[in-house]
There are 2 protein chains.
Amino acid sequence: MSLVLGDKWRGRVSQRTAQAVRSAAAELGYRPNLAARNLRLGRTRTALLVVPALTNDYFARVYTGAARVAARNGFGVVLYPSPEGVGPAPDPFSSARAALDGVIASSMAVEALDAISGDPAAGTAGLPLVMLDSEPGAAGAAATVNLDLADGMRQVVDHLVALGHRRITHIAAAVDSWTFQVRRDAFDAAVRGLSGAVGGREPAGLSVEQGLQAARRALTAPGPRPTALVCDDDLLAAGACKAVRRLGLRVPEDVSVTGFDDLALATAVEPELTTVRLPADEVGARGMAALLAALDGHAPEPADVLPVHLTIRGTTTAPAEG
Amino acid sequence: MSLVLGDKWRGRVSQRTAQAVRSAAAELGYRPNLAARNLRLGRTRTALLVVPALTNDYFARVYTGAARVAARNGFGVVLYPSPEGVGPAPDPFSSARAALDGVIASSMAVEALDAISGDPAAGTAGLPLVMLDSEPGAAGAAATVNLDLADGMRQVVDHLVALGHRRITHIAAAVDSWTFQVRRDAFDAAVRGLSGAVGGREPAGLSVEQGLQAARRALTAPGPRPTALVCDDDLLAAGACKAVRRLGLRVPEDVSVTGFDDLALATAVEPELTTVRLPADEVGARGMAALLAALDGHAPEPADVLPVHLTIRGTTTAPAEG
DNA sequence: CTGTTAGCGCATTCAT
DNA sequence: ATGAATGCGCTAACAG
């Protein structure tokens, strides 16, 4: 079946024959068997995208970007939501049993990442791995594409300081991953450089509810109350806004709040969240491009760092006098 | 390699041999080749889950439920977010090129569904298909699992009517799928049965922004203003709340608002949404169980219909006098 | 109880 | 320009 040569009959078979085979195939409803093809070729043109959660549209966006460039190159992407807490299966292969050509991991916590990259039983051993939003230069990564989160945090603090805020508390995601570590370091650096500024920190799990509780702790702690809450993501920020109001205060007049990600949630709440917009699909797209390049044997490019943009909306304003 | 007998050596090989093979395999880092296995077996133990969107945690929950029961049965689930508007690829196989044993489709619009079930080029032809949240008894479906959405809508209207509302407008998703058609019919039926009640309807695309615009149209139309807005999902409800406030009115004192789904969003906004909680992971779990049963050659069970529960929170109250 | 073998459907190479 | 033969790695059936 020369037809299966797909588009490889440059000068091989005659026009007529090709046409004949084509129509015959269409007639019989012939469809190539993927398993056989994969076996023969030893490649599957499929990449695994490992994400920590599906309940966050940031990851939906990176998937979209990755799937777009994958499709353009005849690749498929299968999503593997890594078991956070209690997940379906600790092994990508039982959840996505396609044979894989490579893996892309986004924003993974360090221990989860070890499980993916290090464990030979995970089936990802020896596969090209590109990391998104993760520690650059990690062992075994063919490439890394990152966001300039440090700059984003700097933009947030600068914005707040320009507004006149001095007592700023960081509602920090209690997750041990690079993406949050960077925020923490950048926050500390930004606050440290400021005379008269006081930075606090309150850890919180990644949910609206935990953001609420952390913000309440921050707001009711002894000493002068912070006038601004810088949150590690939009969920936390939404929770922080609720905490502010439950204490009888107003957002943003009494307390300003900022987030990260610019999820759909950011414009669903009121007032709309001032937040750092992350170009998620661009991250996914570049990640897939890097994986494709690695598969082609290209040398790893210098780590990509994408700019981020502070989007000022309704949850920040100048602090009240005093 | 008797090892590959996985767990099939009940009385076949000796303990010692099995053990030897095991350790040898571990030693060499042997891993079975999925492509070869799939080719030989003609089955892949993989199901495709087709969803209309990833940006909605309802579908994340159905995935979780499906993946859980799949994992328990040695199956994998690959997610295919169907291209809504402009998607990656019109063909599941280019996005998820695993060979499939069956497909589960959730809440699909009718035209998208035709593409999945009817098009032989889609690669899903002849595969067992189970439909979630879709027209029961559709051609080609091995099973259907549905939510009792009509009862949910009835609960919503009853709740509102009990509170004293009479002018109720339905902010209806402008999507041609069964799931929204049911809401529409149930709303009409519920309102029709009430003396003195007036039901209106305003269509809206599935987003916060479009919910806002539809609600504004509903609230500013000539004639007496509705005192309650019944929305087809939580995104729409969040938008409706914003519209109410932009008109200088309050939620819920001036206008009550309800949603459907009970997304994370529902408790992120303020006041928290009164909404119909949908047991999404149960839907996913039952869907996968039904697919597994179909694969085992069991006759299709009677369509499952899962109960739903109205969760009363902060966006509904009695209407103001007059 | 254990070793050997055929063949799943495809892409490729070699022979016509 | 086209057909025939080979083998990818695995499992199931069969021979020892």
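Below, all heavy atoms of this structure are taken into account, side chains as well, without hydrogens, waters or symmetry copies. Convention: sequence-line order gives letters A, B, ...; per-chain numbering from 1.
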Can you identify which nucleotide, out of dG7(C), dG9(C), dT12(C), has its nearest atom closest to the R40(B) side chain? dG7(C)
Treat a base pair as Watson-Crick or G-U wobble with both distances under 3.5 Å, then lay out DNA chain D in dot-bracket form, 5' to 3', with | for cross-strand pairs. ||||||||||||||.|
What pairs with D57(B) under side-chain hydrogen bond (donor to acceptor under 3.5 Å, both in side chains), at least two apart in sequence or on another chain? none
Specify the separation, in whole Å, of atom CG of N33(B) and atom P of dC10(D). 5 Å
Atom pair distance, as rounded to whole Å: CZ in R31(A) and C1' in dG9(C): 14 Å
Can you give me the closest heavy-atom contact between L34(B) and A99(A), atom names plus distance? CB-CB, 4.3 Å
Look at the side chain of N73(B) and the backbone N and O of F75(B), then say whether any donor-acceptor pair between them is shorter than 3.5 Å. no
Hey, could you give me each pair passing salt bridge (charged side-chain N to carboxylate O under 4.0 Å, His left out) that has a residue in residues 278-296 of chain B? Not counting sequence neighbours. E282(B)-R286(B), R286(B)-D304(B)
For R43(A) and A35(A), find the nucleotide of DNA chain C closest to each by heavy atoms; which residue's nucleotide sits nearer the 5' end? A35(A)
Nucleotide nearest L41(A) (side chain, heavy atoms from C-beta), chosen from dC10(D), dT12(C), dC8(C): dT12(C)
Might you point out which heavy atoms bring P307(B) and P279(B) nearest each other, and give the distance in Å? O-CG, 3.7 Å
Q19(B) CD to dT2(C) C1', in whole Å, measures 17 Å
Do N38(B) and T44(B) have a side chain donor and acceptor closer than 3.5 Å? no
Value in whole Å for how far the C1' atom of dC10(C) lies from CG of N38(B): 14 Å
